[in-house]
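The block underneath contains the structure these notes are about, expressed in structure tokens.
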Amino acid sequence: LVLDGGAAAAGTLDLNGFNITVNALAGLNPPVNGTIINSSATHTNTLTINGAATTSFSGTIKDNAGTGGGIALLVEGGAIQTFDVQIATGNTYSGGTVITNATVSLTASSTIGTPVGLGTGPITLLSNAVLSAVGAAPQNSGPTWSSLNNTIIVPAGSVATLNGPQRGGMLANITGAGTGTYVSGY
């Protein structure tokens, strides 16, 4: 799925109360970025990225602006997915993130001063999950970010890697009975 933006408009994916699976998620970073929303009034629905593609999405994932209509994110299937957060209000979905057999990296604009995370819900790292915080290698120059103001869970039986920032602090609460390897950027 490609949600490229443009000078005045950008693509929008509305889950509209349905769970949706895509092979990859991509979108360029022009002045106006692509958006993923869920206009359902009452349900939290899941966007699943399930494919072995290497892609980057510069856009926003957010819940319904009213009540209900939450989004959960599942990244699996060997995906190598980058979320390039361009605005402080980007990625405000509340349904949580699950990463399994996939790699997810966060990057951010140098102008963001607030903590950059994957939504506001918990992040669950299942087996073979790799999560790289904003400022993790190779982002070793530029601003100092605060990263991942989420609870990160590594459940029993899971083995996961969390790459910390080289510049800035990790704000996450890391918990669970699984095996988590934290790679400090310093």
For a 4.5 angstrom cut-off between non-hydrogen side-chain atoms, does Ile36 reach Phe57? yes
Is there a path of hydrophobic side-chain contacts, each under 4.5 Å between heavy atoms of I, L, V, M, F, W or Y residues, that connects Val159 with Leu162? no
Can Phe83 and Ile61 be said to form a side chain to side chain contact (heavy atoms under 4.5 Å, CB included), step by step? CA-CA 10 Å; Phe83 292 98; Ile61 304 173; 3.8 Å; yes
Do Val104 and Tyr93 sit in one hydrophobic cluster, given that two such residues count as connected whenever their side-chain heavy atoms are within less than 4.5 Å of each other, even indirectly? yes
Side chains of Ser39 and Asn64: do they bring a donor and an acceptor to under 3.5 Å? no
What donor-acceptor contacts under 3.5 angstrom involve side-chain atoms of residues 171-180, with partners at least two apart or in another chain?
none

Please test Thr92 against Asp63 for side chain to side chain contact (heavy atoms under 4.5 Å, CB included), starting from the C-alpha separation and ending with a verdict. CA-CA 7 Å; Thr92 57; Asp63 293 341; 6.0 Å; no
Among Thr46, Asn45, Asn16, find the one that has a side-chain hydrogen bond (donor to acceptor under 3.5 Å, both in side chains) with Asn38. Asn45
Please assess Tyr182 against Met170 for the test side chain to side chain contact (heavy atoms under 4.5 Å, CB included), listing each intermediate value before the final yes or no. CA-CA 11 Å; Tyr182 181 81; Met170 175 71 78; 3.8 Å; yes
Could you please spell out the steps behind the side-chain hydrogen bond (donor to acceptor under 3.5 Å, both in side chains) verdict for Thr107 and Asp84? CA-CA 5 Å; Thr107 59; Asp84 183 28; 2.8 Å; yes
What pair of heavy atoms forms the shortest contact from Ala53 to Ala24, and how long is it? CB-CB, 3.7 Å
Under 3.5 Å, is there a donor-acceptor pair linking the side chains of Asn33 and Ser58? no
How long is the gap from CG on Leu106 to CG on Asn91, to the nearest 0.5 Å? 7.5 Å
Verify same cluster id: Ile49, Val130 (apolar side-chain graph, 4.5 Å): no
Only one of Val75, Leu118, Asn150, Thr161 clears side-chain contact (heavy atoms from CB on, under 4.5 Å) with Leu131; which? Leu118
Using links of under 4.5 Å between side-chain heavy atoms of ILVMFWY residues, direct or through other members, which residues join Ile80 in one cluster? none
Quick check: do Thr97 and Thr124 have side-chain heavy atoms less than 4.5 Å from each other? no
Drop me the distance from Ile99's CD1 to Ser127's OG, to the nearest 0.5 angstrom. 13.0 Å
Out of curiosity, does Leu28 fall in the hydrophobic cluster containing Val32 (side-chain heavy atoms, cut-off under 4.5 Å, transitive links)? no
Which Ile, Leu, Val, Met, Phe, Trp or Tyr residues join Leu74 in one cluster when any pair of side-chain heavy atoms under 4.5 Å counts as a link? Val98, Leu126
Answer whether the closest heavy-atom distance between the side chains of Thr60 and Val85 falls below 4.5 Å. no
With a 4.5 Å cut-off on side-chain heavy atoms, are Thr48 and Glu76 touching? yes
About how many Å separate CG of Leu3 and OG1 of Thr35, when rounded to the nearest 0.5 Å? 8.0 Å
Supply the atom-to-atom distance Ile152 CD1 to Ile123 CD1, rounded to the nearest 0.5 angstrom. 5.0 Å
Flag the pair Asn23 / Asn50 as yes when at least one side-chain heavy-atom distance between them is below 4.5 Å, and no otherwise. no
Close side-chain approach of Gln81 and Thr55, heavy atoms under 4.5 Å: yes
Verify the cluster assignment for Leu15 and Ile37: are they in a single hydrophobic cluster under the rule of side-chain heavy atoms below 4.5 Å apart? no
